[in-house]
Structure formats: structure tokens, C-alpha cells
Protein chains: 2
Amino acid sequence: MLKYQQVAAEIEQYINQKDLKQGDKLPVLEQLMSQYAVSKSTITKALELLERKGVIFQLRGSGIFVRRHNRPGYMSLFSTQGFKSNLGDRALTSDVLDVSVTKPHTTVAQNLGIDVTDDVYRVERVRFVDGEVFCYEESYYVKAIVPYLNREIVADSIFDYVQGALGVTIGFSDMYMQVGRLTATEAGYLGLQTDDPTLRIETIFHLSNGKPFDYSRITYHFEHSQFVVQANGPFM
Amino acid sequence: MLKYQQVAAEIEQYINQKDLKQGDKLPVLEQLMSQYAVSKSTITKALELLERKGVIFQLRGSGIFVRRHNRPGYMSLFSTQGFKSNLGDRALTSDVLDVSVTKPHTTVAQNLGIDVTDDVYRVERVRFVDGEVFCYEESYYVKAIVPYLNREIVADSIFDYVQGALGVTIGFSDMYMQVGRLTATEAGYLGLQTDDPTLRIETIFHLSNGKPFDYSRITYHFEHSQFVVQANGPFM
DNA sequence: TTGTATAATTGTACCGGTACAATTATACTA
DNA sequence: TAGTATAATTGTACCGGTACAATTATACAA
């Protein structure tokens, strides 16, 4: 683990442990510098990381302050999108409906930047948070990049497996969101009625080298899915 | 404008002008460095900014590459949330339903971190993108921070006014999303039916000093609202 | 041709420094 | 007391440097 990531993790841990609130002040830069025994650039980088994560905000001439939103029921949109392995204190489980190797449809192939003759893994799951139906997911993995999957891996975190066992690194993702009505099949999986409202998110996950390796379509249970997005901006 | 922001803007302009595609390679760091006549740290900072914006991705040992998603119909979630003044080539207009000074309800006061006896501006708008109904918005501004608003300002961009004329700087925001059904009133404004699906986003905008100054509730037309979010991660 | 060492390329981590702008505290003035 | 100039505090911009890890190109061997 990189030094600035380590420092960032420790600072975040410190904030959680002390249960600091929005607006609480952290030690000044120079003290953090000596406290963690790193250079100014490293501590700055660590703080920048925490700022992007929405954990702190910095104010020139004033100090470094804790940032914290106050709605317990809401999950971070990014934490549910494979970026964090955990959802804090909430339990995430899955019913695996399908794990199989197939040929992709045109749209799937297009989103993954591959040919319809290339192999993909198809994974179908219903996911639960604290025992409540959370979403229905259908996702496709490029077999050339993810050569093997099984029900055990899929029941847990696919991303942890991919990064751990396969040693590839995930780079960035494009998420496409829209709102619509449930089909009969979807409603069945989610325990809702046909034509009930729903949020649909399609995501294309890329490796750090820019190659797409996972295309997934998630249909959320509208009553159990509330998201928070912490933004920093305007960018420029 | 800061040097690294200027450089970032020029590089982005270069990409758009040359109409570069996903995966196209940019000049190497050293060349960009001499090309824009800045130090390595500055060009690195500019590139980091573009990376966060989803314009490029960098690959150690390989180069700097253009990142671009390929779904024209989708708007960036952040560009619709006050961060950019423009939506690219799309025209944004508004019907102003109300601009008035009132006392906030409990929830509004709570979200803005003020007292129910403090004054707020209430702004109610229906917004259009390229002439199509896009969303219904109800927002509250802390009068102590935004002392004056009128229909002209509100018809245009409130954020541009606040940052320009008032000289305050917007720092960060917390967005809370959920899916639900339209009320009769909302349906009327959006030209839809009662109980049609909808996306609701509540946002609390903070100044750079951390003080909330705007709380807004937006109800989107589910057929005309499709969003893209470009994420970089995992963070750590 | 195919695989394998080796070298060149290239971005990132980390160091340390100066200058400065925004904020906050202090001292002064009316 | 209240406002105002002044000083101290504090994070950020920008500079330049070394070391290194990941990628890609090259040379060599089988």
C-alpha cells in the first residue's frame, strides 16, 4: 500500500474512531506532517484523497475540517458499484441465478468493445442488503480477461476476486442511469408489481489500461435504494 | 484563473477541437511540460484534474489517453447539478413559478443548518432542455448569504450570479437520490400522469467554508432524464 | 517463428523548498 | 463598543529534483 493511501486510511480511521462531526477541526498540516512522519506533499496528497472521498474539506487560512452527511439510510452510490468491498456495517448477500459462458448479444458486445464471437461470462444475481431485496443484476465479463468464475466467487465479491487472484487493476467506470417501470420478470425477482417504478443503472467497468471488462445492468428496488453522492466542485 | 486550470482547459479544448476518441494518445508528459511551459508538478496537476473530470486516463509506462463515453443522449449528472453553467450544446430554459422570501419549514431549516425564524428565498421552477420538460425544482437559499434574488436572475443561472456578483465560492454538495411516484401537482408541471415513476434528488450545496447555502429538491421527468456518471476508483 | 531476457520509455511516489492568498486573531483607533 | 488596520496562521500553487514501477520496444536465443 502506498504511503499516502496508508496515511489517508489512518486519518479516516481516526475520524471514525473519535466520531468527529461535520465542521470539527483536524490538526494543522505541519502537525499531521510530523505526526505521520511524511513530507508535506505526501500529507497533502492524502488529504486530497480524503477530500475527493467526501471525508474532509480544506479551507486555506483556516484549517482542515471533517465533512459528514447526516442521513443514515442512504448508501454511497459508488460503494454499491463495486468500489468498496464493504457497505460499512450493512450485510450484503446474493442469490446467484446464473453463472455461465455464452456469446454476447450485439449491445453487450458493443459496450464491452468485443466481437459477438468472443466468449463472455454471464452472471445473474439478486442482491440483498440486511436481508431486504436490493436489486436484480445481470452482468457480463470478458472471458479473455476473467477466464474463470464459479458460484462461490460470484456469491461473494467478484471485484475482490478479480483484483486479488487475477492481479488485474480496475481503473474507471461509466455509469448510465435512467428511471422506468419494472417488467414482469424483474418484478418477480424484486417482490414488486409489474410497472412499479425503478432505477436502472448500466455500468461499464474498465481496467486501468482502459479496456472494458465488465458490463452490468442493475435494476433497483425503488423502496430499498436510496443513494448519496458527495460531489466536489465546480471543477474549473 | 490558476495556471494548472488554464492548462487543463487548453488540453481539453485541444481534445474537443481535434475530436479525439477514446484511447487516442496525447503527447508525453515531458512534451506537454515544454509545450505549455510549466513545471512537471503543474502539468501533473492539470492532468489529474482532467482525469477526475473523466476526460483522460493515465497509464504509467505507457502514456496519457483520451477517455470518452459514447452515449450522446446522456447528460452528466454533475453538469445538471449547478456545477457547469452550460450543458454543452443543449439549451436550458426555465419557467419561474415563484421567487419569494419566507420562513423555512423544519426540514428545510435542518438541511440548511439554520433556524426556522431565519429568512430564506424560495425559488420554484420548471426547467426545460431543448424545449422538453426536464424537471420541477423547489429550492431554498439562505438569505443571510444570498441577500437578493429576482425573476431575471432566477430565470438564468443562480449559481453564476452567486459566484459572480456576490463573490462567494461554492465548495461541495451532498446529493440524496431516490425513486418514487409523482404526486398530482408534480405530474401537472411535468405533463405526466399521477403515480408515474420519477427520480427525486435533494441537494445541499455548501460554500467553500462549509456553510450550507442552498437546499433544493428536484423531481425529474423520467423519460427526459438520463444521466451519466464517470467514476474513478477504487479510491483506496 | 516464438518465446525470453534486456533496455528504453513513461507516468507516479515522495522529498523539500519558496511565495502567496485567504482566513483569523490582535492591536489600535474613534 | 465597534470598526479598522496589522500581524500571525494556515493551506495551496508552483518550482525542481530523485527513485521507481509498469509498460513497451529491442535484441537475442531456441
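A note on names: the letters A, B, ... follow the listed sequences, proteins ahead of strands, and every chain is numbered from 1.
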From CG of N232(B) across to P of dT12(C) the rounded distance in Å is 12 Å
Re dA21(D): Watson-Crick or G-U wobble partner, both distances kept under 3.5 Å, found to be dT10(C)
L47(A) CG to dT12(D) P, in whole Å, measures 8 Å
L29(A) CG to dT23(C) P, in whole Å, measures 17 Å
Within the sub-3.5 Å range, which N or O atoms of nucleotides 13-19 of chain D have a protein N or O partner, and how far apart are they?
| unit_1 | atom_1 | unit_2 | atom_2 | d |
| --- | --- | --- | --- | --- |
| dA13(D) | OP1 | Y4(B) | OH | 3.0 |
| dA13(D) | OP2 | K45(B) | NZ | 2.4 |
| dC14(D) | OP1 | K3(B) | N | 2.7 |
| dC14(D) | OP2 | Y4(B) | N | 3.2 |
| dC15(D) | OP1 | K3(B) | NZ | 3.1 |
| dC15(D) | OP2 | S39(B) | N | 3.0 |
| dC15(D) | OP2 | S39(B) | OG | 2.8 |
| dC15(D) | OP2 | T42(B) | OG1 | 2.2 |
| dC15(D) | O5' | S39(B) | OG | 3.3 |
| dG16(D) | N7 | S41(B) | OG | 3.3 |
| dG17(D) | O6 | K40(B) | NZ | 3.3 |
| dT18(D) | O4 | K40(B) | NZ | 2.8 |

When rounded to whole Å, the CZ to P distance for the pair F57(A) and dA22(C) reads 18 Å
### Query
When the aromatic ring centroids of F205(A) and F172(A) are compared, is their separation below 6.0 Å?
no
Pi-cation contact, Y220(A) with R200(A) (under 6.0 Å, within 45°): no
Whole-Å distance, L207(A) CG to dA22(D) P, equals 15 Å
Do E202(A) and Y215(A) touch side chain to side chain, with heavy atoms closer than 4.5 Å?
yes
Inset, instruction - Would you please test E124(B) and R122(B) for salt bridge (charged side-chain N to carboxylate O under 4.0 Å, His left out) and show each step? - result: CA-CA 7 Å; E124(B) 198 181 8; R122(B) 178 180 186 276; 3.2 Å; yes
Atom CD of E51(B) and atom P of dG11(C) are separated, to the nearest Å, by 12 Å
Result for side-chain contact (heavy atoms from CB on, under 4.5 Å) between D174(B) and one of R68(A), R71(A), Q230(A) points to Q230(A)
Note: for P27(B) and S208(B) on DNA chain C, the residue whose nearest nucleotide lies more 5' is P27(B)
* Can a donor-acceptor pair be found between the side chains of S39(B) and T42(B) at a distance below 3.5 Å? -> yes
Are D118(A) and K143(A) within salt-bridge range, i.e. N to O under 4.0 Å? no
Atom NZ of K25(A) and atom C1' of dT10(D) are separated, to the nearest Å, by 8 Å
Report each atom pair, protein N/O against N/O of nucleotides 3-7 of chain D, whose distance is under 3.5 angstrom.
none

Rounded to the nearest 0.5 angstrom, the CD1-CZ distance for I64(B) and F57(B) is 11.0 Å
The reported gap from CG in L112(B) to CD1 in I204(B) (rounded to nearest 0.5 angstrom) is 7.0 Å
(message) Between the side chains of K53(B) and E12(B), is the shortest nitrogen-to-carboxylate-oxygen separation below 4.0 Å, so that they form an ion pair?
(response) yes
Please check this pair: side chain of N111(B) against backbone of T107(B), looking for a donor-acceptor N/O pair closer than 3.5 Å. yes
Exercise. Would you mind classifying the nucleic acid contact of I64(A) as base, sugar-phosphate or nothing, using non-hydrogen atoms under 4.0 angstrom?
Key: sugar-phosphate
Nearest heavy-atom approach of M177(A) to Y74(B) is O-CE2, 3.9 Å
Rounded to whole Å, the CD1-C1' distance (I56(B) to dG11(C)) equals 11 Å
Distances under 3.5 Å only, N/O to N/O: pair up the protein atoms with those of nucleotides 24-27 of chain D.
| unit_1 | atom_1 | unit_2 | atom_2 | d |
| --- | --- | --- | --- | --- |
| dT24(D) | OP1 | S62(B) | OG | 3.4 |

According to a strict under-4.0 Å criterion, is Q58(B) in side-chain N/O contact with OP1 or OP2 of dT10(C)? no
